*Asks:* 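Dropping the structure in here first, questions after.
Note that this is a predicted model, so its numbers are computed, not measured.
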Amino acid sequence: MAQAEYAKRQGLFGPGSVTWRINREAVLLLGGPRALLLQLAHPLVAAGVAEHSDFRRAPLVRLRRTLELTLGIVFGDERSARACAARVRSVHERVHGVLPTATPHRAAGTPYSALDPALLLWVHATLVDTSLLVYQRLVAPLALSERQRFYQESKQSAALFGVPAAAIPPDLRAFQRYVREMIAGHELEVSPEARELADLVLHPPIAGVPRWLGDLGGVITLGLLPAALRRRYGLPWAGRHRHGFRLAVGLVRRTLPLLPAPLRLFPAARQAERRLRVRPSQPDDGRPPWPCASSFRSATRTWRW
């Protein structure tokens with residue numbers, strides 16, 4: 001029984017997983033805007049975000065909530081991880097509408113729903129693809145076998161979010177092909193709503209922060225974004241942007257190994273590691289080890305897709 005309790009305490013992945021190794025790094029925050037721009041490049045996702053959130057007023061709130069829920073699923077114990085996923089699904093049930101503006105391949109009035117398996121898969125894929133990219137560019141390279149393990153582990157999260165098993169690419173190669181085809185094909189069409197929201201991602205309206213500072217911070221986002229999507233968004237990528245991106249990547253890679261764990265790792269990851277130092281036979285005190293099971297409930301009431 002003690003071992004069964006310990007397995008539940010580990011959660012869905014555990015310290016031996018590649019998922020824990022990658023997602024513990026707080027530097028993954030730098031990939032958040034990239035994932036958002038990939039998601040918003042789908043006009044139906046952009047319409048859902050624009051119409052069912054306070055994104056225009058507080059664009060970084062959605063990124064923060066996505067991060068909190070993702071970390072809850074990755075590092076929470078089994079009960080808490082499933083609670084976080086259930087919160088996401090419950091909000092998705094309320095997000096539906098129609099495309100307000102026509103795009104070259106979609107008529108105005110095209111219906112959308114956050115429960116659409118194709119949209120769920122794309123949003124999930126942007127997080128997986130971005131995590132792999134940012135970790136390898138800013139932290140350390142991964143062997144092919146490690147990338148394959150990470151992808152196989154990510155399929156569990158996809159299922160929790162409601163992506164049907166038949167819709168999930170079976171392996172890393174198929175997943176990478178899916179992402180390439182999405183970027184090169186007609187599914188992603190940068191709508192007027194997406195361009196407006198993208199500007200807010202790159203230049204969030206933070207009091208006292210000038211727009212030019214957003215330009216400096218956005219150089220990493222521009223460098224991580226696929227060139228085809230940079231062009232569709234109409235984002236600049238001149239020599240000074242490429243030079244700035246190289247400097248930023250070099251600075252992060254040199255600085256990261258020097259940082260102590262409290263600065264380098266997400267608090268959720270450190271909390272999970274502390275949780276697993278407790279002996280499996282220790283009785284449960286009844287308190288939830290991750291906020292999704294209790295106090296996080298109030299924060300997620302305003303969560304929007």
Side-chain angles (χ1 to χ4, degrees), residues 31-57 59 62-63 66 91-92 94-130 133 158 161-164 166-169 173-204 214-215 218-238 241-242 245 304-305:
R34 185 230 191 216
L36 270 176
L37 293 182
L38 286 173
Q39 293 170 21
L40 295 172
H42 198 300
L44 301 184
V45 174
V49 171
E51 296 177 6
H52 295 271
S53 75
D54 55 358
F55 195 97
R56 289 183 174 90
R57 183 180 61 83
R62 181 176 186 270
L63 178 59
T66 300
V91 171
H92 284 175
R94 303 193 296 271
V95 179
H96 50 81
V98 297
L99 188 66
T101 307
T103 64
H105 297 91
R106 289 180 178 86
T110 299
Y112 67 80
S113 167
L115 298 177
D116 182 340
L119 300 185
L120 284 172
L121 176 59
W122 176 240
V123 170
H124 171 74
T126 66
L127 301 176
V128 174
D129 183 70
T130 297
L133 175 64
F161 286 135
V163 184
I168 303 173
R173 178 176 294 184
F175 172 76
Q176 292 171 330
R177 183 170 60 250
Y178 160 75
V179 173
R180 288 195 304 269
E181 290 174 351
M182 286 290 291
I183 292 172
H186 299 307
E187 283 295 308
L188 304 186
E189 303 176 279
V190 178
S191 63
E193 291 82 11
R195 288 191 178 87
E196 177 191 357
L197 298 176
D199 188 65
L200 293 172
V201 171
L202 295 170
H203 305 96
D215 291 332
V219 71
I220 290 183
T221 301
L222 293 176
L224 295 173
L225 202 63
L229 288 185
R230 278 200 305 263
R231 291 191 293 270
R232 294 185 201 178
Y233 274 109
L235 297 172
W237 189 243
H241 300 104
R242 290 190 287 271
F245 178 67
R304 293 294 184 267
W305 174 68

*Asks:* Which heavy-atom pair separates A198 from L40 by the least distance, and what is that distance?
*Replies:* N-CD1, 4.4 Å
*Asks:* Main chain of A41, side chain of Y233: is a donor-acceptor contact present, judged purely on distance under 3.5 Å?
*Replies:*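 Checked: pair present.
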*Asks:* So, taking the atom named CZ in R94 and the one named OG in S113, what distance separates them when rounded to the nearest 0.5 Å?
*Replies:*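 Taking CZ in R94 and OG in S113, the distance rounds to 12.5 Å.
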*Asks:* Are the side chain of R106 and the backbone of T101 linked by a donor-acceptor contact shorter than 3.5 Å?
*Replies:* no
*Asks:* May I ask you to decide if R231's main-chain N or O and W237's side chain share a donor-acceptor pair within less than 3.5 Å?
*Replies:*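 Checked: no pair found.
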*Asks:* Quick one: pull up OG1 in T221 and CZ in F245 and give me the separation to the nearest 0.5 Å.
*Replies:* 9.5 Å
*Asks:* What distance do L37 atom CG and T126 atom OG1 have between them, rounded to the nearest 0.5 Å?
*Replies:* 10.5 Å
*Asks:* Counting only N and O atoms by type, is there a donor-acceptor contact under 3.5 Å from the side chain of H241 to the main-chain atoms of A238?
*Replies:*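 Indeed, once roles are kept as given, a pair shorter than 3.5 Å links the two residues.
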*Asks:* Would a 4.5 Å heavy-atom cut-off, applied to side chains only, mark S53 and V95 as touching?
*Replies:*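 In short, these two side chains do not touch, never coming nearer than 4.5 Å.
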*Asks:* Given 3.5 Å as the limit, does a donor-acceptor pair link the side chain of H52 with the main chain of H96, or not?
*Replies:*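 Flag set: sc H52 to bb H96 pair under 3.5 Å.
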*Asks:* Scan for salt bridge (Lys or Arg N to Asp or Glu O under 4.0 Å) pairs involving residues 34-50, sequence neighbours excluded, and state none if there are none.
*Replies:*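 Of all non-adjacent pairs touching residues 34-50, those that pass salt bridge (Lys or Arg N to Asp or Glu O under 4.0 Å) are R34-D129.
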*Asks:* Check S191 against A46 and note the closest heavy-atom contact, atom names and distance.
*Replies:*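 In terms of heavy atoms, the two residues are closest at OG-CB, 4.1 Å.
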*Asks:* With a 3.5 Å distance limit and no angle check, can you tell me whether R232 reaches the backbone of L188 through a side-chain donor-acceptor pair?
*Replies:*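 Checked: pair present.
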*Asks:* Kindly give the heavy-atom pair with the smallest separation between I183 and P226, and that separation in Å.
*Replies:*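 Minimum heavy-atom separation between I183 and P226: CD1-CG, 3.7 Å.
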*Asks:* Check the orientation of H186 and H105. Use parallel for under 30°, tilted for 30 to 60°, and perpendicular for over 60°.
*Replies:*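 Taking H105 first and then H186, their aromatic rings lie parallel (interplane angle under 30°).
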*Asks:* Report yes if some heavy atom in the side chain of R177 is under 4.5 Å from a heavy atom in the side chain of P169; otherwise report no.
*Replies:*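 R177 does not reach P169 side chain to side chain.
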*Asks:* Count the heavy atoms of every other residue, nucleotide or ligand shown that sit under 6.0 Å from CZ of R242, and state whether that count exceeds 12.
*Replies:* yes
*Asks:* If you measure from NE2 on H92 to CG on D116, what distance do you get to the nearest 0.5 Å?
*Replies:* 11.5 Å
*Asks:* Minimum heavy-atom separation for G162 and L120, please, with both atom names.
*Replies:*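 In terms of heavy atoms, the two residues are closest at O-CD1, 3.7 Å.
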*Asks:* Given V123 and V45, is the side chain to side chain contact (heavy atoms under 4.5 Å, CB included) satisfied, shown in steps?
*Replies:* CA-CA 8 Å; V123 170; V45 174; 4.3 Å; yes
*Asks:* Quick check: do L235 and L202 have side-chain heavy atoms less than 4.5 Å from each other?
*Replies:*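 Touching, per the 4.5 Å side-chain cut-off.
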*Asks:* Which heavy atom of A125 sits nearest to which heavy atom of V179, and what is that distance?
*Replies:*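 Where A125 meets V179 most closely, the heavy atoms are CB-CG2, 4.4 Å.
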*Asks:* Of the non-hydrogen atoms in L99 and A107, which two are nearest, and what is the gap between them?
*Replies:* CD2-O, 3.8 Å
*Asks:* Could you walk me through whether H42 and Y112 pass the side chain to side chain contact (heavy atoms under 4.5 Å, CB included) test, one step at a time?
*Replies:* CA-CA 11 Å; H42 198 300; Y112 67 80; over 6 Å; no
*Asks:* Scan V49, L127, L197, T130 and name whichever one has a side-chain contact (heavy atoms from CB on, under 4.5 Å) with Q39.
*Replies:* L127
